[in-house]
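Taking it in order: structure first as structure tokens, then the write-up.
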Amino acid sequence: MNYDFREIEAKWQKYWAENETFKASNDSDKPKFYALSMFPYPSGAGLHVGHPLGYIATDIYSRYKRHKGFNVLHPMGYDSFGLPAEQYAIQTGQHPAITTENNINRYREQLDQLGFSFDWSREVRTSNPQYYKWTQWIFIQLFNAWYNKKSDKAENISSLISIFEKEGNANVEAACDDDVPSFDAATWNGYSDTEKQEILLKYRLTYLADTEVNWCPALGTVLANDEIVNGVSERGGHPVVRKKMTQWSMRITAYAQRLLDGLDKIDWPQPLKDSQTNWIGRSVGASVTFNIKGEEDTIEVFTTRPDTIFGVSFMTLAPEHELVAKITTPEQKAEVDAYVEATAKRSERDRMADVKTISGVFTGAYAEHPFTKEPIPIWIGDYVLASYGTGAVMAVPCGDQRDYDFAKHYNIDIPNIFEGVDISEEAFADKETTVIANSDFLNGLSYSDAMKKAIAELEKIGHGEGKVNYRLRDAVFSRQRYWGEPFPVYYVDGMPQMIDLEHLPLQLPEVEKYLPTETGEPPLGNATEWAWDTDKNEVVSNDLIDHKTVFPLELNTMPGWAGSSQYFNRYMDPRNDDAIFSPEAINYWQDVDLYIGGSEHATGHLLYSRFWQKFMFDMGYVPKDEFAQKLINQGMITGTSAFVYFTYYSVLEKGVTDEALVDKKFIFISKELYKKSLYESDNDLILLVKSHIDSELLNRIENDELILITPLNSVHADVSLVNASDELDVEAFKQWQPEYKDAEFILEDGKYIVGREVEKMSKSKYNVVNPDAICEEYGADSLRLYEMFLGPLEQSKPWNTAGITGVHSFLKKLWKLYATIEDKEPTADNLKTLHKTIKKVEEDVENFSFNTSVSTFMICVNELTSQKCTSKAILEPLAILVSPYAPHIAEELWSRLGHSESIAEAPFPKFEEKYLVESSKEYPISFNGKMRFKLELPLDMSKEDIEAAVLAHEKTKEQLQGRDPKKVIVVPGKIVNIVG
RNA sequence: GCCUUGGUGGCGGAACUGGUAGACGCGCUGGAUUCAAAAUCCAGUUCCUUCGGGAGUGAGGGUUCGAUUCCCUCCCAAGGUACCA
């Protein structure tokens, strides 16, 4: 009987679905294991072979854990809010919900084909109201919380209010806005309700603020920093400008330090941790306050080098700094204004691209050195960024290259404060290798001592303190989009009010148009029914807004990461309508044991999720403050593009203004011939082309009546038209694009050979391989094995369909091995092969080294085949070993072995060392570290006897050619090395 | 620039704590089977070679009896990040 994978795979997929084989229970005596793949955004293009890589890995591990006796949770869902469906809606008018539904159905079909052990009863969709009810709920929890720096955790806002009522805010240490006024209890209690709300908003973990945002006019929306790549939008590549808008923000900065510290206790890839560390950008230093001569105001700066305080020779403010207008002297005003205006006009992108040009203007004002009381000129310059630190720097040209360049350019003094260092050419930034000089009380101190001393002295005179600064900014949480979660918020007197949980979800309204309104409001501004009736507690028509009982609802929606920041916890209890999850569910599953997904989420999803998890932990909703213990980034599967090389002739009518086309033809040249022609003269190419032109036309060209154009070029060919030997299917290629129908082909050895290059998979490169065709031709088990066999999970690797025949024929061999199954005693060889395989596969799975276990299976089956093994005692455990990787064939073989139940819960075979014990070893005998021959010796032979046996061997004498060995190294059981 | 990861045959890639470099698969070569093809099976396949052997894991040094593995310098590629004070 042949290996009929189509029938087998369909049969078992149906069996698993009908029997709910992989449904996880929230109540079990078994230990729990939570394996999670990052849920996909269901795009219209469907899955390509790169997508399943991580899913297959998670699936193998899940199935393995199930064999190992764990209660496994392995869910799947969809991150189904997002821009593409909305843009499609703008173009076609089709509701994004319909587009999304269609795409999800296609994804589901493709996923089902691959035989994953997902518990589909737990599926979540972020765009589903029953799901986003809980996204809205979390938002409300964040609104009702503040961050107490004293307890170093988030607390309910009520604890803040009671402090205010008793003692005002003098002793409160909170993560809050910069502009909080100070007040005592009496003042607080005297505030109106709106005034109180206004102040509380400055403390809440999600708050409204006028923030400078990245506004993308083309998309009509705000983008987060991680949605911008090289100054343009990640999606679509549209320009982005800075703009002030009232936006919801998330006070993620409150968690900066804990997000940093938490990285130490999770097993995540180093590059990912480094990304997050850089993104958070902690720097330790001091804040220093400079008085301004003749002004009340002071300038506060942040510096990482307070030890260089005596090297300050000027200060630079960002052009946007609020003091600029105030301190500029009348003489300098015109110049300063012009500079500020010019800077404001330059886009963020220009400013980033141009880092070489030094520009700045003197304000005419002077600050005062906190210790020497010397005057320090205050400049403005666009190398200082308003958004980092305080938007002002104390410039120490001898110790910072940018300050140095600026000082040189404007002829500002560069005092040297480093002992024995030459600063005539460049600044000296190496802080560890010298001591401070010319610095009063810091003279002779090393960097670290000077640092401490400087901070202590600054504190003494009230001009500064030690400070830690973070690069991380609060996250803007508003988007001017339709297809996202609505905020559960309405406005009373301009103050945001939360809708009660019992009235959630607040569902997206229907709109006529998905674009921003004509007055520039977000798409929800198009809704006619978008007002909140506080009596009826429901959404009513906008016409009823009276600001007494009916109020306007928030028009922004939440960003893409809102729905994905707690989805992993929702899977634990996804149908719960009374809570985001029950305490029983979260206490049972705790956290994700294994999380697999792409590295592109390093500073987005994975940072925001950690932030929300820590918040949920503070509020006592979850037992762990990190949501995923281990994370693996699967590598990208790149495509192997195919290139065809061509020249073409365009024959044009001479002298006709429009250059009328008389004839045009493509001539495709096989790879090697093309390469050769690159080195030959143009003349040869023209001769080649001419040899393919109709003789009548040729005559007219020769007679100068027509013009001939012959460029040499290459273009992508669809990879499906090329076989494993890089040979192009010429006839299919002609059919592929109409313009190639009459093309000519210059072959080598009767074949047209294409060029190959590894590139990212993309439609436009015609190198996308989708899994459906492969499943159809070779089956899901082959695809699963092959994706794993390609190489290490974390490494990016090129897809090449050619190799799939290797794993496919392995499955056929495996199938054949089960043709006869007998109840007979296994041989010693059989047992050795089996147990060697158990050991290796178990180690490999634990190390996520799936590629090597596929090789191990191949070796095992090759060996058992040549041993003609038919013993059930061997074949039965082997089926279980294979089952996580190729589950369909394993199930089928399992049932042929006489089982009526699924293989899914069959216990993993136990490795027994005793079958691998050997009595002798084929020792590699090396000379000066190079293996020269092998010698079979008993394993229990003593070191001395081995040495004697080796030295007595004739090949040893041959190698030594009469020399005496200087030294003989014998490592019993491993190697013999002779030096001489 | 900085941070991270990597560099091994024609290709994808193996090699546990330093111990036989190139497992396994693809491709290629030859053979068997076949009227023929597909499929299948067998043998070979790092390079050079005067067939004795020699060289070899990006380059160059070092440690060691022994280095793909550890250390130093450099080169290249991919990813992240950047006037971050």
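Computed over heavy atoms, backbone and side chain alike; hydrogens, waters and symmetry mates excluded. Just so it is clear: chains get the letters A, B, ... in the order the sequence lines come, proteins before strands, and each one is counted from 1.
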Looking just at side-chain N and O atoms, do A:Y470 and A:T253 make a donor-acceptor pair shorter than 3.5 Å?
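Absent: no donor and acceptor within the cut-off.
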Nearest-nucleotide comparison on RNA chain B, the residue closer to the 5′ end among A:M394 and A:T856:
A:T856
Starting at the 5' end of RNA chain B, which residue's closest nucleotide do you reach first, A:V971 or A:G389?
A:V971
Inter-residue atom distance [X].[atom1] - [Y].[atom2], 0.5 Å rounding:
{"X": "A:I309", "Y": "A:H463", "atom1": "CD1", "atom2": "NE2", "result": "10.0 Å"}
{"X": "A:T316", "Y": "A:H321", "atom1": "OG1", "atom2": "NE2", "result": "11.5 Å"}
{"X": "A:D403", "Y": "A:S313", "atom1": "CG", "atom2": "OG", "result": "8.0 Å"}

Candidate nucleotides [options], ranked by approach to the side chain of [X] - the nearest:
{"X": "A:M931", "options": "B:rC24, B:rA15, B:rA21", "answer": "B:rA21"}
{"X": "A:S809", "options": "B:rU40, B:rA23, B:rG19", "answer": "B:rU40"}
{"X": "A:P924", "options": "B:rA85, B:rU20, B:rA23", "answer": "B:rU20"}
{"X": "A:F789", "options": "B:rG19, B:rU81, B:rG12", "answer": "B:rG12"}
{"X": "A:T603", "options": "B:rG19, B:rA23, B:rU81", "answer": "B:rU81"}
{"X": "A:R402", "options": "B:rA85, B:rC65, B:rU17", "answer": "B:rA85"}
{"X": "A:T852", "options": "B:rA85, B:rG13, B:rA14", "answer": "B:rA14"}
{"X": "A:D382", "options": "B:rC24, B:rA85, B:rC83", "answer": "B:rC83"}
{"X": "A:K816", "options": "B:rG12, B:rU40, B:rG13", "answer": "B:rU40"}
{"X": "A:R471", "options": "B:rA82, B:rA85, B:rG13", "answer": "B:rA82"}

In whole Å, I'd like the distance from the [atom1] atom of [X] to the [atom2] atom of [N].
{"X": "A:N862", "N": "B:rC42", "atom1": "CG", "atom2": "C1'", "value": "13 Å"}
{"X": "A:K840", "N": "B:rC24", "atom1": "NZ", "atom2": "P", "value": "13 Å"}
{"X": "A:L935", "N": "B:rU20", "atom1": "CG", "atom2": "P", "value": "16 Å"}
{"X": "A:H808", "N": "B:rU40", "atom1": "NE2", "atom2": "C1'", "value": "13 Å"}
{"X": "A:I978", "N": "B:rG66", "atom1": "CD1", "atom2": "P", "value": "14 Å"}
{"X": "A:D274", "N": "B:rA82", "atom1": "CG", "atom2": "P", "value": "15 Å"}
{"X": "A:I975", "N": "B:rG66", "atom1": "CD1", "atom2": "C1'", "value": "7 Å"}
{"X": "A:Y3", "N": "B:rU40", "atom1": "OH", "atom2": "P", "value": "14 Å"}

Can you confirm whether or not the ring centre of A:F310 sits under 6.0 Å from the ring centre of A:H369?
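Yes: the rings meet the under 6.0 Å criterion.
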Validation row, ring centre A:F314 to ring centre A:Y410 under 6.0 Å
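No: the rings miss the under 6.0 Å criterion.
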Give [X] one of three labels, base, sugar-phosphate or nothing, depending on what nucleic acid heavy atoms sit under 4.0 Å from its own.
{"X": "A:D403", "answer": "nothing"}
{"X": "A:P269", "answer": "nothing"}
{"X": "A:R932", "answer": "sugar-phosphate"}
{"X": "A:K812", "answer": "sugar-phosphate"}
{"X": "A:T805", "answer": "sugar-phosphate"}
{"X": "A:E794", "answer": "nothing"}

With both distances under 3.5 angstrom, what nucleotide forms a Watson-Crick or G-U wobble pair with [N]?
{"N": "B:rU68", "answer": "none"}
{"N": "B:rU63", "answer": "none"}
{"N": "B:rU33", "answer": "none"}
{"N": "B:rA55", "answer": "B:rU46"}
{"N": "B:rG25", "answer": "B:rC11"}
{"N": "B:rU20", "answer": "none"}
{"N": "B:rG1", "answer": "B:rU81"}

I'd like the C1' distance from B:rA37 over to B:rA32, given in whole Å.
16 Å
Sticking with atom C1', work out how far B:rU64 lies from B:rC2, rounded to a whole angstrom.
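Here B:rU64 and B:rC2 have their C1' atoms 34 Å from each other.
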Is the phosphate of [N] approached by [X] (side-chain N or O, under 4.0 Å from OP1 or OP2)?
{"X": "A:N851", "N": "B:rA14", "result": "yes"}
{"X": "A:K967", "N": "B:rC65", "result": "yes"}
{"X": "A:Q401", "N": "B:rC83", "result": "no"}

Tell me if B:rG52 is syn or anti. Syn = glycosidic torsion within 90° of 0, anti otherwise.
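Here B:rG52 takes the syn form, which means its glycosidic angle is within 90° of 0.
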Conformer about C1'-N of B:rG9 - syn within 90° of 0, anti elsewhere
syn
For the pair A:F302 and A:Y388, name the ring-plane relationship: parallel under 30°, tilted 30 to 60°, perpendicular over 60°.
perpendicular
Can you tell me which residue among A:D400, A:I299, A:T308 is in a side-chain contact (heavy atoms from CB on, under 4.5 Å) with A:M394?
A:T308
